[in-house]
Amino acid sequence: MRVILFLFFSFFYLSNISIGQITSPLLQGSPFITNYSNDEYLERGKNWGISQGEDGKMYFANNYGLVAFNGYDWEILAQPNNSSEIRSFAIKNDDIFIGAVSEIGILSRSQKEDYTYRALNHLISDSSFQFNDVRDIIINEEKVFFLTDNGLMVLSNDSIQIYGKGIPFRASAKGIQELIFVANEYGIFRFEDDELEHITTEEQFLGFAMEFVLPIKEDVYLIGTDTKGIFIYNKGKINQWNSATNQFFVKNHLTSATILNKNELIFGSIHEGLIITDYDGEIVNIINEKDGLFDHNILSIYKDRKGNIWTAVDGSFAYIELNLSLIHI
């Protein structure tokens with residue numbers, strides 16, 4: 001009888017979820033999670049940006065350098081010349097562009113799988129420009145954009161030009177047809193035809209500390225803020241995204257976001273781990289220590305080619321298999 005009941009409830013449960021996503025908040029289990037602690041990846045310290053290379057390896061920005069993981073072994077590939085922490089990076093073919101404290105550089109891979117690092121500061125057109133942290137890096141065609149505390153640096157044809165000097169840029173995203181940037185106190189910018197265009201007014205985002213920008217439709221972006229929750233920019237108009245759940249977002253301090261699938265978005269938070277919502281902002285699921293994460297303080301999230309999620313926290317990484325038809329009950 002126990003076997004029959006188990007099979008019945010297993011069939012009933014699995015028939016009410018679709019592969020790769022949990023569709024009912026009443027019938028939720030925990031996804032399979034693999035945690036990687038400090039001791040496994042050679043160095044301690046905070047972890048920041050995450051990305052996947054064309055070789056399939058996972059790469060992580062760490063206080064001690066750029067870390068690579070091939071599924072079995074961890075390796076520190078490079079560290080800035082000034083030995084500062086790496087906050088951000090972006091991958092293009094065999095090159096990895098790195099952003100550290102007051103230093104930007106490029107890590108190039110040879111055919112022998114050897115890596116060579118060189119700083120790029122000497123290419124900055126204004127030698128007196130001070131930029132401190134590089135918060136984000138995005139590559140579009142032949143241009144590389146470095147978002148810094150003091151402006152936007154654009155690398156093209158072995159020269160780096162500065163846009164928006166004095167503006168503290170925080171995050172970027174590729175929209176449907178354009179590049180989008182957000183900056184503390186300033187709001188949203190668009191880069192097009194070698195021009196940086198301010199598409200919101202400063203009054204609209206006065207006192208706002210930006211965390212992320214997430215394009216969800218053409219000319220529609222979600223703007224994540226430090227202490228004011230999530231706003232939606234829709235063809236020139238800015239409103240609170242979901243008034244019913246926004247106080248929950250404010251309380252738990254969102255840090256990052258990405259599209260999970262065609263029905264759901266996923267957010268990283270300081271106090272509640274990972275938060276999954278639908279496109280209207282209704283909360284579908286929350287994943288944190290109760291599900292097996294080492295920590296609820298999410299610093300960044302990344303969706304890999306299999307549709308699963310990697311997260312970075314203070315002293316570890318976690319791999320969450322959300323694109324899997326099996327879950328813990």
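Sequential numbering from 1 along the given sequence is applied to the chain's residues. Keep in mind that this is a model prediction, so the values were computed, not measured.
Atom-to-atom distance recorded for L322:CG and I266:CD1 is 5.5 Å, nearest 0.5 angstrom. Remark: R118 CZ to I104 CD1 distance equals 11.0 Å, nearest 0.5 Å. A distance of 4.5 Å separates CD1 of I162 from CZ of F129, quoted to the nearest 0.5 Å. Rounding to the nearest 0.5 Å places CD1 of I309 at 9.0 Å from OG1 of T311. In this structure, the separation between OH on Y186 and CG on L206 is 11.0 Å, given to the nearest 0.5 Å. To the nearest 0.5 Å, atom CG of residue N47 and atom CG of residue N63 are 7.5 Å apart.
Less than 6.0 angstrom separates the ring centroid of F191 from the ring centroid of Y163. Ring centers of F317 and W74: under 6.0 Å apart, within the cut-off. Under the 6.0 Å cut-off for aromatic ring centres, F145 and F181 qualify, their centroids lying closer than that. Note: F208 and F231 meet the aromatic proximity criterion, with ring centroids under 6.0 Å apart. Aromatic ring centroids of F69 and Y59 lie 6.0 Å or more apart.
Between N297 and D295 the shortest heavy-atom distance is N-OD1, 2.7 Å. Taking every heavy atom of both residues into account, N35 and L293 meet most closely at OD1-CA, 3.9 Å. The two residues F294 and S37 make their nearest non-hydrogen contact at CE1-CB, 4.0 Å. Of all the heavy atoms in V134 and G99, the pair that sits closest is CB-CA, 3.7 Å. Listed here is the closest heavy atom pair of E321 and P31: O-CB, 4.1 Å.
The stretch residues 266-281 participates, sequence neighbours left out, in these side chain to side chain donor-acceptor pair (under 3.5 Å) pairs: E272-N288. A salt bridge (Lys or Arg N to Asp or Glu O under 4.0 Å) check over residues 228-252, counting only residues at least two apart or in different chains, returns nothing. Pairs engaging residues 126-137 under the salt bridge (Lys or Arg N to Asp or Glu O under 4.0 Å) rule: R87-D133, D126-K165, D133-R135, R135-D149 [sequence neighbours left out].
Residues D304 and W310 have side chains that bring a donor and an acceptor to within less than 3.5 angstrom of each other. Checked by atom type, the side-chain pair N242/E282 shows a donor-acceptor distance below 3.5 Å. In this model, a donor atom of one side chain and an acceptor atom of the other lie less than 3.5 Å apart for S159 and Q161.
Distance alone, capped at 3.5 Å, is enough to place a donor-acceptor pair between the S300 side chain and the W48 backbone. Of the possible polar contacts, none joining the H253 side chain to the T225 backbone as a donor-acceptor pair under 3.5 Å is found. Within the 3.5 Å criterion, the main-chain N or O of E85 finds no donor-acceptor partner in the side chain of N62. Not a single donor-acceptor pair under 3.5 Å links the side chain of T34 to the backbone N or O of Y319. Although no hydrogens or angles enter the test, the distance criterion places no donor-acceptor pair under 3.5 Å between the side chain of D95 and the main chain of S108. Under a 3.5 Å cut-off, the side chain of T200 and the backbone N or O of I188 do form a donor-acceptor pair. No donor-acceptor pair closer than 3.5 Å links the side chain of N184 to the backbone N or O of R170. For Q204 (side chain) and T201 (main-chain N/O), a donor-acceptor pair under 3.5 Å exists by modelled atom type. Under the 3.5 Å distance criterion, the side-chain polar atoms of E178 are left unmatched by any main-chain donor or acceptor of R190. N132 contributes no side-chain N or O that, together with a main-chain N or O of S102, makes up a donor-acceptor pair within less than 3.5 Å.
Under a hydrophobic-cluster definition in which Ile, Leu, Val, Met, Phe, Trp and Tyr are linked whenever side-chain heavy atoms come within less than 4.5 Å, directly or via other members, L274 and I270 are assigned to different clusters. Note on W241 and I238: separate hydrophobic clusters, where clusters join Ile, Leu, Val, Met, Phe, Trp and Tyr whose side-chain heavy atoms are under 4.5 Å apart, directly or indirectly. A chain of hydrophobic side-chain contacts below 4.5 Å, direct or via other Ile, Leu, Val, Met, Phe, Trp or Tyr residues, connects I232 to I275. Hydrophobic cluster membership differs between V213 and L254, with clusters built from Ile, Leu, Val, Met, Phe, Trp and Tyr side chains linked at under 4.5 angstrom. Taking hydrophobic clusters as Ile, Leu, Val, Met, Phe, Trp and Tyr residues chained together by side-chain heavy-atom distances below 4.5 Å, L179 shares a cluster with I167.
Taking 4.5 Å as the limit, some side-chain heavy atom of I216 sits within range of a side-chain heavy atom of L222. Annotation: side chain of L107 is not in contact with side chain of F89 (no heavy-atom distance under 4.5 Å). For the pair L77 and V67, the minimum side-chain heavy-atom distance is 4.5 Å or more. At least one side-chain heavy atom of I286 sits under 4.5 Å from a side-chain heavy atom of F248. Two residues are said to be in side-chain contact when any heavy atoms from C-beta on lie closer than 4.5 Å; L155 and K143 fail this criterion. Residues V154 and V144 fail the side-chain proximity criterion, which asks for heavy atoms closer than 4.5 Å. Inter-residue side-chain proximity for Y233 and I199 is flagged as met; some heavy-atom pair is nearer than 4.5 Å. At a threshold of 4.5 Å between non-hydrogen side-chain atoms, the residues D226 and E211 count as touching.
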Between K92 and E142, does the salt bridge (Lys or Arg N to Asp or Glu O under 4.0 Å) criterion hold? Intermediate values first, please. CA-CA 10 Å; K92 182 179 181 181; E142 298 304 315; 3.6 Å; yes
Start with the C-alpha gap between N70 and D55, add the side-chain angles, then the distance that decides, and say whether side-chain contact (heavy atoms from CB on, under 4.5 Å) holds. CA-CA 9 Å; N70 63 8; D55 54 5; over 6 Å; no
Run the side-chain contact (heavy atoms from CB on, under 4.5 Å) test on I287 and I276 for me, step by step, so that the C-alpha distance in whole Å, both residues' side-chain angles and the decisive distance to 0.1 Å come before the verdict. CA-CA 8 Å; I287 302 169; I276 299 175; 4.1 Å; yes
So D219 and N234, side-chain contact (heavy atoms from CB on, under 4.5 Å) or not? Walk me through it. CA-CA 6 Å; D219 209 20; N234 190 347; over 6 Å; no
Between E197 and F189, does a side-chain contact (heavy atoms from CB on, under 4.5 Å) hold up when you go through it step by step? CA-CA 5 Å; E197 178 188 2; F189 294 80; over 6 Å; no
